[in-house]
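Order of the sequence lines fixes the chain letters, A, B, ..., with proteins taken first and strands second; residue numbering starts at 1 for each chain. Below, each value reflects all heavy atoms present in this structure, side chains not excepted, and no hydrogens, waters or symmetry copies.
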Amino acid sequence: MKVAKPTLPKGTRDFLPEEMRKRQYIFNIIESHFKKFGFLPVETPAQENLSVLSGKYGEEGDQLMFRILNSGDFLKDISPDSLTGGYKNVLPYISEKALRYDLTVPFARMVVMHQHEINFPFKRYQIQPVWRADRPQKGRYREFYQCDADVIGSDSLLLEAELITLYYEIFSALNLKVNILLNNRKILTALSIYLGIPEQLTEFTIILDKLDKIGIAGVVEAWNAKGFPESVGEAFINLDIKSTSHLDFRNTINRFQVLFSDIPVGLEGLSELITVWELLPHFNRTLQQHVSLDFTLARGLNYYTGAILEVKSLDTEMGSIGGGGRYDNLTGLFGLPGISGMGISLGADRIYDVIEAAGKFPEYLISAVQVLLIYFDDQTLPATLKVLQELRNAGISAEIYPDQKKIGKQYEFAAKKNIPWVGLIGTSELSTQTLKVKYLPTGAEYSWDIPSFISEIKKAK
RNA sequence: GUGAUUGUAGCUCAGUUGGUUAGAGCGCCAGUUUGUGGCUCUGGAGGUCGCCGGUUCGAACCCGGUCUUUCACCCCA
């Protein structure tokens, strides 16, 4: 057989131990916080039936989905004629499954299928990879992990506040500075009504969302290009919308309460924002400082109906590292209407990139194994193995070099693997019942018995 | 999906108007040191120049295709 050149599909990566240690550090922090907030773990399959996923993410999403070719002779029912109509006609016949595109829709599917086994309101967390056939670029991969926490079966605004708190606590634990942007879909609806273009809500918000990127002039220009009346742009400029910090939250709300006095949905959105805002200090006294009201925040996924959240890193330039919101009818897509949910998602791979760029991974991650024991010779091997067992029983991660190689090689191995302690039992140590220990970071050497060795390691930790 | 961009040793990169045997630094291996990593010194291994095709007497270099990298747009974590 011809030797295959080792390659990887576009946009996918291997993770060596050094990277995995850092990834696990992120996952562990996220997961422990999810648990602390009362969320329970679930998993769903990597594959979903196409009928479950298609149409849930808009046309764009359908295009970015990795479809799975049917097994066996997937062409047996295809007539040559049907090929002339383009790939979209043939697709339903040759593919009926796809890789999951996010975690929220499969979760909704799961809730509906297991509704009689689930105790509502149901708080679940899920940390699994998702796949998107996007072109890779900065912070964008074709296979990446999402970490989701959702509560389904309650429309309480307490959840909005609680999930914002959860976001903040996770990023604090990761030592990252973030700005949590907050908006409400109802505000966007009200804005479109106020500007007289309620029918064009979607086009309106998609462009509005780009405000921080292309500026107000760019936004107005884009609206005009879409055929919106000039008055829309003018009226919008007069609204003077900008991302507001905690200091002027109240003023902004008050101002829009006047503007939306005849638009019930707008007043409702504002009142929800106030409620959430006022709950925040009850979870964390300083939390409001990290939350910004941003009426231009739209978010693409069209199932959001209430609150919308997005997390921006302040440490490094990066797209959003988290997003979430309230959805009132996601399970309705699968025949279980009237159940409201609220969820957040964290992009672990982007968080990794931000921490890496900011140099904020903790130092201790570099050494996973604490002790290497030297394989000196067969005469001292039993004593060395005894030490190995005692170290492990004491909860210390330890290994013995498996071959009797030159001692210098064994030390070098430890150094390369960032193992700080090297222990050696040679002939003289055997007679004195001690261990020659070298601490590689300083090069210092000691003669210790096993109990002192163990206590010194624990002390250094 | 649109528009750019990258590919030469394990890594980071040189490589003249197309010319014989493609280089450097770091890393790696061996020795210096058969009870000790890092420092020094000595020696050594390692390359289908991403892949396929074309032009040419001759291609790492020019042309086409393809894969890949990175980046922007679209969209998003």
Please state the [atom1] separation for the pair [N] and [M] - nearest whole angstrom.
{"N": "B/U48", "M": "B/U21", "atom1": "P", "answer": "16 Å"}
{"N": "B/G58", "M": "B/C71", "atom1": "C1'", "answer": "37 Å"}
{"N": "B/C29", "M": "B/A9", "atom1": "C1'", "answer": "15 Å"}
{"N": "B/G25", "M": "B/C63", "atom1": "C1'", "answer": "34 Å"}
{"N": "B/U12", "M": "B/G64", "atom1": "P", "answer": "27 Å"}
{"N": "B/C26", "M": "B/C39", "atom1": "C1'", "answer": "16 Å"}
{"N": "B/C61", "M": "B/C52", "atom1": "P", "answer": "13 Å"}
{"N": "B/A22", "M": "B/G31", "atom1": "C1'", "answer": "29 Å"}

Could you walk me through whether A/F453 and A/Y446 pass the ring-ring contact (aromatic ring centres under 6.0 Å, His included) test, one step at a time? CA-CA 9 Å; A/F453 187 25; A/Y446 312 93; 9.3 Å; no

Along nucleotides 34-39 of chain B, 5' to 3', which nucleotides get a B, which get an S, and which get a -, given that the test is a protein heavy-atom distance under 4.0 Å? -BBBB-

Among B/C28, B/A77, B/C75, find the nucleotide with the atom closest to the side chain of A/K416.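 For the A/K416 side chain, the nearest candidate turns out to be B/C28.
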
Among the nucleotides B/C29, B/A77, B/A72, which one has an atom lying closest to any side-chain atom of A/R135?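 In terms of side-chain proximity for A/R135, the closest of B/C29, B/A77, B/A72 is B/A72.
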
Rounded interatomic separation in angstrom, taking [atom1] from [X] and [atom2] from [N]:
{"X": "A/D134", "N": "B/G1", "atom1": "CG", "atom2": "C1'", "answer": "10 Å"}
{"X": "A/F413", "N": "B/C28", "atom1": "CZ", "atom2": "P", "answer": "14 Å"}
{"X": "A/D209", "N": "B/A77", "atom1": "CG", "atom2": "P", "answer": "11 Å"}
{"X": "A/Q126", "N": "B/A77", "atom1": "CD", "atom2": "C1'", "answer": "15 Å"}
{"X": "A/L346", "N": "B/A77", "atom1": "CG", "atom2": "P", "answer": "11 Å"}
{"X": "A/R142", "N": "B/C76", "atom1": "CZ", "atom2": "C1'", "answer": "14 Å"}
{"X": "A/E356", "N": "B/A77", "atom1": "CD", "atom2": "P", "answer": "23 Å"}
{"X": "A/Q128", "N": "B/A77", "atom1": "CD", "atom2": "P", "answer": "17 Å"}

Taking only side-chain N and O atoms of A/Q137, does any of them lie within less than 4.0 angstrom of OP1 or OP2 on B/U70?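 The answer is no; no side-chain N or O of A/Q137 sits under 4.0 Å from OP1 or OP2.
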
Should A/K10 be listed as having a side-chain N or O under 4.0 Å from OP1 or OP2 of B/U68?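 Checking A/K10 against B/U68: at least one side-chain N or O falls below 4.0 Å of OP1 or OP2.
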
Might you work through the ring-ring contact (aromatic ring centres under 6.0 Å, His included) test for A/W421 and A/Y439, ending with a clear yes or no? CA-CA 5 Å; A/W421 301 94; A/Y439 184 63; 4.5 Å; yes

Is the shortest distance from a Lys or Arg side-chain nitrogen in A/E19 or A/K22 to a carboxylate oxygen in the other one below 4.0 Å?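 Here A/E19 does not pair with A/K22 in a salt bridge, since their nearest N and O are not under 4.0 Å apart.
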
N-O pairing of A/E399 and A/K417 below 4.0 Å: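 Salt bridge between A/E399 and A/K417, a charged N being under 4.0 Å from a carboxylate O: yes.
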
CD of A/Q433: more than 12 outside heavy atoms within 6.0 angstrom?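 Atom CD in A/Q433 is not packed in, count stays at 12 or less.
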
Any chance the side chains of [X] and [Y] put a donor and an acceptor closer than 3.5 Å?
{"X": "A/D328", "Y": "A/T305", "value": "yes"}
{"X": "A/Q126", "Y": "A/R124", "value": "yes"}
{"X": "A/Q410", "Y": "A/Y375", "value": "no"}

Checking all strands, does [X] fall into the base, sugar-phosphate, or nothing category for heavy-atom contacts under 4.0 angstrom?
{"X": "A/K417", "answer": "nothing"}
{"X": "A/Y141", "answer": "base"}
{"X": "A/G322", "answer": "sugar-phosphate"}
{"X": "A/G11", "answer": "sugar-phosphate"}

Ring centroid separation A/F283 to A/Y168 under 6.0 Å: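 Judged by ring-centre distance (under 6.0 Å), A/F283 and A/Y168 do not meet the cut-off.
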
B/C76 base to A/R132 side chain: any donor-acceptor pair below 3.5 Å?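 By the distance-only test, no, there is no pair.
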
Assign each of A/Q63 and A/P136 to its nearest nucleotide of RNA chain B by heavy atoms, then name whichever residue's nucleotide is nearer the 5' end.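 Closer to the 5' end of RNA chain B: A/Q63.
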
By nearest heavy atom, map A/I214 and A/T12 onto RNA chain B; which one lands nearer the 5' end?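 The residue mapped nearer the 5' terminus is A/T12.
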
Now, which nucleotide makes the Watson-Crick or G-U wobble pair with B/A24, with each of the two distances under 3.5 Å?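 Base-paired to B/U12.
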
